[in-house]
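Notes to accompany the following structure.
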Amino acid sequence: MTAANWIWLVPALPLAGVLVNGLLGRRIGKGGVSVIGPGVVGAAFVVALALFLELAAREPEARTLSQTVYTWIAAGDFHASAAFLVDPLSVVLMLVVTGVGFLIHVYSAGYMHDEDRLGFARYFTYLNLFTFAMLVLVMADNYLLLFVGWEGVGLCSYLLIGFWFKDRANATAGKKAFIVNRIGDFGFLLGIFLMFGTFGSVAFADVLPSAASVLEPGGPLAFWICLFLFVGAVGKSAQIPLYVWLPDAMAGPTPVSALIHAATMVTAGVYMVARSHALYDMAPAVLAVVAGIGAATALYAATIGLVQTDIKKVLAYSTISQLGYMFLGVGVAAYAAGIFHLVTHAFFKALLFLGAGSVIHALHGEQDMRRLGGLKSALPVTYWTMLAATLAIAGIPPLAGFFSKDEILWRAWDAGHPVLWAIGLATAGLTALYMFRLFFLTFHGPFRGTGEQRQHLHESPPTMTVPLAILGVLSLVGGWIGIPPAIGQALGGVPNAIESWLEPVFADTHAAGTSQAVQGAHAVPPSEYALLAASVAVALLGILAARYLWLARPELPTRIGLRLRAPAAILSNKYYVDELYDAIVVRPYNALSRFAWRVIDDGLIDGLLVGGTGAVVKWQSRVSSAWQSGAIPTYVTVFFGGVVAILVYYLFG
Amino acid sequence: MSEIGVGHYLTLSAVLFTIGVIGVLTRKNAIIVFMAIEIMLNAANLAFVTFAMSIGDLGGLVMVLFVIAVAAAEAAVGLAIIVAMYRHRETVNVEAFTAMRG
Amino acid sequence: MSPELQELLVAYRVVRPALLPVLPAAVLTLFGLLALLVDVFELGRTRGPAEGEQGTPIMAPYLALIGTALALGCVGWQALHLAGAGGPYFSGMVVLDGFGVFLSGVVLAATFLTLLLTIGYSRRHDIHLAEYYHLILMAAAGMLVMVLAGNLITIFVGLELMSVGVYVLTGFRRTRLRSVEGALKYFVLGAFSTGFFLYGIALVYGAAGTFDLAGIRDAVSVPPASPVLLAGVALLIVGFAFKVALVPFHMWSPDVYEGAPAPVTGFMATGVKTAGFAAFVRVFMSTFDGLADQWIPVLWVLAALTMVVGNIAAIRQDDIKRMLAYSSIAHAGYLLVALIAHSDMGTAAFLYYLAAYTLMTMGAFGVVIVMGEKGTENTSIERDYAGIAWRHPLLAAAMALFMFSLTGIPPTAGFVGKFAILSAAVASGHVPLAVLLVLTSVISAYYYLKVVVSMYMWSSSREPIRSHVPAMAAIALLIAVVGVLGLGIFPGEWVEMARASVVAVTGLP
Amino acid sequence: MTGVAIAFWVLAVVAVLCSLLVVTSRNPVASVLYLVVTFFCLAGLFVTLHSHFLAAIQVIVYAGAIMVLFLFVVMLLNLGTPQWFDVATTPLTAVALVLGVGFVAALAAAGLGDFEPSVVGPAAGVPPDVLGSTEAIATALYSAYYLPFLVTALLLLVAMVGAVVLARRER
Amino acid sequence: MSFYLTTILFFPILGAAMLAGIPGRNRTAIRQATLAIAVIHFLIALPLWWLYAPGGAEYQFVERVPWIDALGVEYHLGVDGVSVLLTLLTVLLTPLAVLGSWRYIDHHVKEFHILLLVLTTGMLGVFFALDLFVFYVFWELMLVPMYFLIGVWGGEQRIYAAVKFFLYTFLGGVLMLVGILALYFYHEGATGAYTTSLADLLATPVPGGLQLALFLAFAIAFAIKVPMFPFHTWLPDAHVQAPAAGSVILAAVLLKMGTYGFYRFAMPLFPEAAREALPWIAALAVVGVIYGAMVALVQPNVKKLVAYSSVSHLGFVMLGLFALNSTGVQGSVIQMINHGVSTGALFFICGMLYERRHTYEIAQFGGLSAVMPVFAVLFMIVTLSSIGLPGLNGFVGEFLILVGMFQSHPWMTGIATAGVILAAYYMLRMFQSVMFGDVEIEANRRLPDLSGREIAVLLPLVALIVWIGVYPAPFLARTEPSVDRFVERVTRTAQPVSAGIAALEAPSTEAQSPPGAEPVAREAQP
């Protein structure tokens, strides 16, 4: 059948973009690049859409396309192909990646126009490369290829964070991102090794179906495989304890933050866990860990987000927090819900970042909220779109965030984790609070910037505002693909589109999730409505609190800060985690390395062993030449000594 | 020969030889060192003659002739060397000649 | 005439006198005498023109060369007739066998190279005397006698002929203190060791009742060995050990090598060693074969000491002649290992190694010789050899080749030789000795490399050496280079020859 | 006690004493003279061993030629007086004596003291006087030992040339 | 019998001879001539890629003629998949080395290039040899030119480094020589035939105790060359001091001789011993991986950093070899090539930096990306490949090694995998301080970007980096059968372990008589 033969196009198009921009970038100039760069991604989106329709047209069971491009590695028993798999799950991600990606590419064309030709081409090369890698990640039909994309996106994030490498800090941030990710990948690799050892293959088609039969539920193998894989996810998706790189990653250009560090790459972990659900179902313990870490991260990040003053930092922590939600979702085996939130989050978080970008753009790089304010009039488009996104993330119905977040909370409750639910709820409140803090500080109140900044205030060009608008719309309606039964029935049987779409992928899940999903179709327990109400209430509460604190009584936060100095300090210093890692990991390692070099290498091996031998030989040499006194009596005496020695050996020995 | 046996002669030669060796070891006057060496050679000669007689073979006796010839030759060369070295250092002290060492 | 005398006439008649075995030595003697006399009668003078000065050349050097070449020819002739004419001559005073012929070849090759190298040198250093060449030839004749000797007396007189000649050669530059000092030390210690050697002969004679090697072997073949015999063997070991400079009887050699004129040093390092080892190996491999269990342990210790001390002491030498002296001590240790292996394989290895060793050592000394200038020999590795590679590339390359060969790096003769000796040692189960050998040769790499380092990697701190290479010396070096490489890359025939020569060693009557 | 015995003991004692004096006396001239005496004693011992010819050679060549040569050099370099440096108290002397004792002990252990020939030579039957006679030695020298004899001749020539070369004055 | 290998082997010597004819003054002529020779040599050798039939006989293009009959030594050459790849790597790097040292070498140009060519022959000989004697000859022969390259054209400490390099390798070599001899005589004792032919020796299994001793004798020599911790300390000195081309060859090819030695000789000849030593060697390899990465981190000198990274990478290779399964060994073979390509490129890059600033001090650079964009791109790619980024060559090798080793030794593999993190740490740190940040040092402001020549040096390597990373199949296919044979041979269980060194003396009693000469009855010495 034909559709499958076109699969390779999806990643190939961005790759083509990479080659063109990378090799000819300087030749074709900014104009050419800003056509090619977004163009290829848009094209990829179209192909992805075609594939989606192709799938949609099929029976739920038949909704998988796959294409093997070539055999990549075949050595001994090990075998891995460069092969792509398009099924309901991956196609969703493909659409997000290409779609949101396309918008952000377009936006970037405007945002980066100040770069010189070289930088501009470089930027789009990286961005296309990222899209390519991300597509490989989501389309891979085996774990190794997935890992290729996995590291590929990591590389691009490294390159793009350090895009303005002239400032060492940016480069350092990029390095940090890469290395922390590597720590996660280390786990991922071990997971793959163990998986290969267990299943003799790393292809989804071999591993996932046979998981239930090969692995014993709750057995050590399942536990370790899943745990190792999850370590990878933790690194990539910036969860506790490996989240530290993401805030620093904000050093990159804002569109990059939007694409990589909000919409797509960081959600790869969620995708991977969802993709491996068959394994995770065998390891409930790990699922619990996932959920726990997710919830903890959500709350933890939210608290930090509360006090950050850098607009992008706030968004970064909010991203971490939202990712926590997603893990909470998949952690309670509500994979579809997790993916759903992934999608909606992609919409509104991308939008938030782009909006922030537009603000920063307008103020020539000002990111400190304490010097913003009252931009409402100056940046109308940005304002309204941001408002939509903020409401969405705050979880105000009927915006995108509401449905997905609520789905997760409800599933958490339903799966019998009231504690996790409570944490989620609290986080929801905090989210609303700090997001509106950001919103108010940025757009309302007096302008706190410099005079000449005020002069140059201007709305961004259409290349930037149009994507904003589109994403704004998506943030408004994006959630409607996942209307929960509770409301769906009220509205007259609107189905939970995404859930049923993903159903074939997660069908074999026999955890709490689906059982509910199935029976949820007809009978909705009253508790669900209560929960809905609760979360909405919390969200509104958060918004009101924000309004009171940062619009009505702007001096109040400072006073609170003075009142509770210690907690405030802890928060604004992000719980001193960076300092902690530096103290217990980085410094000791460097010291140990220095020791290995100076003491073991130079001192012990070279100095003592090698040098020592040499010294002994030289010393012996001195001794023997001391005997060689040059005086005949000595010589004859030694001679005679030899004679007597031999004679004695013969006649007395 | 009644109670005088081969052993006596050999012992004597051994003693003489050792005396010669000691001389070489202890004296620094090159000439006296040479003389000591001559004593060693003579000791060997005595041994040769003794053995030859006791075994009943002419070889030993002939050997003595060769040894004497060799002794003469060495004496000639050795003394020439002494003369040469004396020209350099005005001394025949072997320990004065330690330009080369180590 | 009394019946007893008649009896003696029969008992001591000369058996199988013939020219063939002694022909090379005879030729050398003849030309030696000619070299001494011709100039006197022709020109009434025996001193040739020194370097740079005019004057009719003397004939001695060329006579010597011709004589040596002829002698070599004779050796070849011997080799051809070996099959039929092998065996003892002159009542067993000399024995014509493959072993002897092979080593005669080596000795004469060494002599030939020495002569080629020495002509330019002796003119430069003003010892260009007929006597000089005469002595070289006579010493070589002595070596030949030793090499072929089948009787302790022959060994003794041959040894003395060689030694006395070399004593004088050592002191030949008598205007230089070091030369004379070398001669003094060599002479005193040499005479001293002669004493022991002689006494050893006496004791062996006493125990075996004869000087004839074959006879002795028959006499001592019945164990247990009498103590007198053992004492004799011990003293013989001492005598040989001195000649080939084994620790602890080696102490003369560094000083003598350093003091002697460079060509003579080379001659000592190769010819004298070869002759000494020839007699050594012949006596112990054939005559005292039965006593192997007695002498192997002693030689084992000597070999170990020699390799270790020789190599270690060489490390801190700056005078290249002295360094080469220690190096030749070390190589004596290696050769001894071949003897200790106590097998045909070992003896073959020994022969091969001697050939290789002679070539590379002569080569090395050849470079040392041409490095010299009028009045000075320029023997300081650090000062004189620094950076010569870029002024005399060929010379340096040759030296480097010899150094690597001495270290034992393929594809050089030195490597194959070491390989052969190691094989023999391992084959006889002397693995520890083999390991010691390779370890010490790692040490040796250090000081051989020092020369290369100096030539190629240091920059010269003195005014450039005006060393022109005399044609003769160039030929000699060429021979050495070709030989070292040839024996290294195509060792097949040579190994075969050595093997073949061995077969006859034990073939004493 | 036969005459031979007496002769042996007398000669032996004198030989040992004189050789000791040779290596101990400070004055080279004295040493030379003691050495001559030693040689005479050895010649005497040869006589007691019935090799009169060797005894004669010993006296003629050694005492006659070699010793004169020594004496000549001593005079030439006028070393006739005690040499300040030549005290026999080298730090090595002690070592030398110890080693010497060891050497003698070893030779003793080798059984030189009570040596009995285990083999019989080709001339075993011949009476000692004949064996030691000039004719006998000549017989062997010019037949069986002919080759080494020649070599010895060369040796003397070389020594002569060498001595000339070394001792000759600078031109 | 074709003389293809002989041609490849001695062509450089021929070229060197021709070079000798050119007057030393005319430097460019010499450089061009050498380049031409090297390129022709590459073209001569290139067909191996296609001519070698992976499925076919174990050794191909075999040449076998008697050399030293007396010792049973034969001139015996042949290649299998692994040696084919290493050969091609070698011949590819020589011309690049010439190009790379076009400016770098400014004195004694002629000698330099002659030695370079001789070196090539030495290295190829090692890869071709199927006879232990021949192998040893080339093993040592290769030592000499390298020693000169370091000692004459090296940096400040060059002499120390050169001598150290020489002594280290020589020490290992001579011990191996004793090992070879012991094997030689054991074989003679067992079969009565004197031979140093690998095939024949393989046919005669050696008893365990002796095996262990011999394995050690070989292993030390190879471990020094690899170099494995703790025998590695010659490497940093040699690398830092050697001229660019020298470092390249040293890293890219010479180090492989060690691992190749394990692959071709040490392990197949002594399988039981190899398996017995496996945990120890694997442990050392893991230590090497981590230790190398750590020490590399704190190096202030680019070259030294790369040198230590080699210690780390070669640790992976050793790990793969001792995985003793096809996957791991395949990976380790690929990794040999990878390391050759990537580290080779890195050393070229060091050379380019040095040509511009005459220092290797990392602190002396910074912000070069802005000044030299093209350089930045290539440098980045090479760096990433050395980090083992998927899609580039490094990953394929390391992954296969680790996945192979994991099956038997999960814990060690786990630790080794951490090396992947550390690699990223030290490489990126170095890259950042050299390339990123603002240009602080005036001298760096106007550095010229890569010249055409320099790009020509790096491009082939970068191409390989990508090719092997994206499509390693052709390489794997060529090595697979050989590797399978290797694995089969090493994992095969022979007769149980028995007599020790004694087994060495046992045959030696009759080992006395050499072939040819009739045996002489004589007791062996104790």
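Just so we're on the same page: letters track the sequence lines, and every chain starts at 1. Since the model is a prediction, treat every value here as computed from it, not as a measurement.
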With only heavy atoms counted, which part of E:Phe166 is less than 4.5 Å from chain C, the side chain, the backbone, both or neither? side chain
Tell me, side chain or backbone of E:Leu171 under 4.5 Å from chain C's heavy atoms, or both, or neither? both
Quick check for you: among [options], which has the greatest number of heavy-atom pairs under 4.5 Å with chain E?
options	answer
C:Pro411, C:Pro297, C:Ser423	C:Ser423
C:Val453, C:Leu439, C:Thr412	C:Val453
C:Val452, C:Ile443, C:Val495	C:Val452
C:Leu449, C:Thr407, C:Leu422	C:Leu449

Please identify, among [options], the residue contributing the most non-hydrogen atom pairs under 4.5 Å to chain C.
options	value
E:Val178, E:Ile159, E:Leu141	E:Ile159
E:Phe138, E:Trp153, E:Phe170	E:Phe170
E:Ile180, E:Val152, E:Val163	E:Val152

Is there a donor-acceptor pair under 3.5 Å between the side chain of E:Trp67 and the backbone N or O of C:Ile489? yes
Taking every non-hydrogen atom, the tightest pair across E:Ile68 and C:Pro491: CD1-CG, 3.2 Å
If every non-hydrogen atom of E:Arg158 is compared with every non-hydrogen atom of C:Met457, which pair is closest and at what distance? NH2-O, 3.0 Å
Please work out whether the ring planes of E:Tyr136 and C:Phe415 are parallel, tilted or perpendicular, with thresholds of 30° and 60°. parallel
With only heavy atoms counted, which part of C:Phe404 is less than 4.5 Å from chain E, the side chain, the backbone, both or neither? side chain
Rounding to 0.5 Å, atoms NE2 (E:His107) and CH2 (C:Trp390) come to a distance of 7.0 Å
Verify ring-ring contact (aromatic ring centres under 6.0 Å, His included) between C:Phe419 and E:Phe133, making sure each step is shown before the conclusion. CA-CA 10 Å; C:Phe419 185 83; E:Phe133 189 90; 4.7 Å; yes
Please determine whether the number of non-hydrogen atoms from other residues, nucleotides or ligands lying under 6.0 Å from atom CH2 of C:Trp494 exceeds 12. no
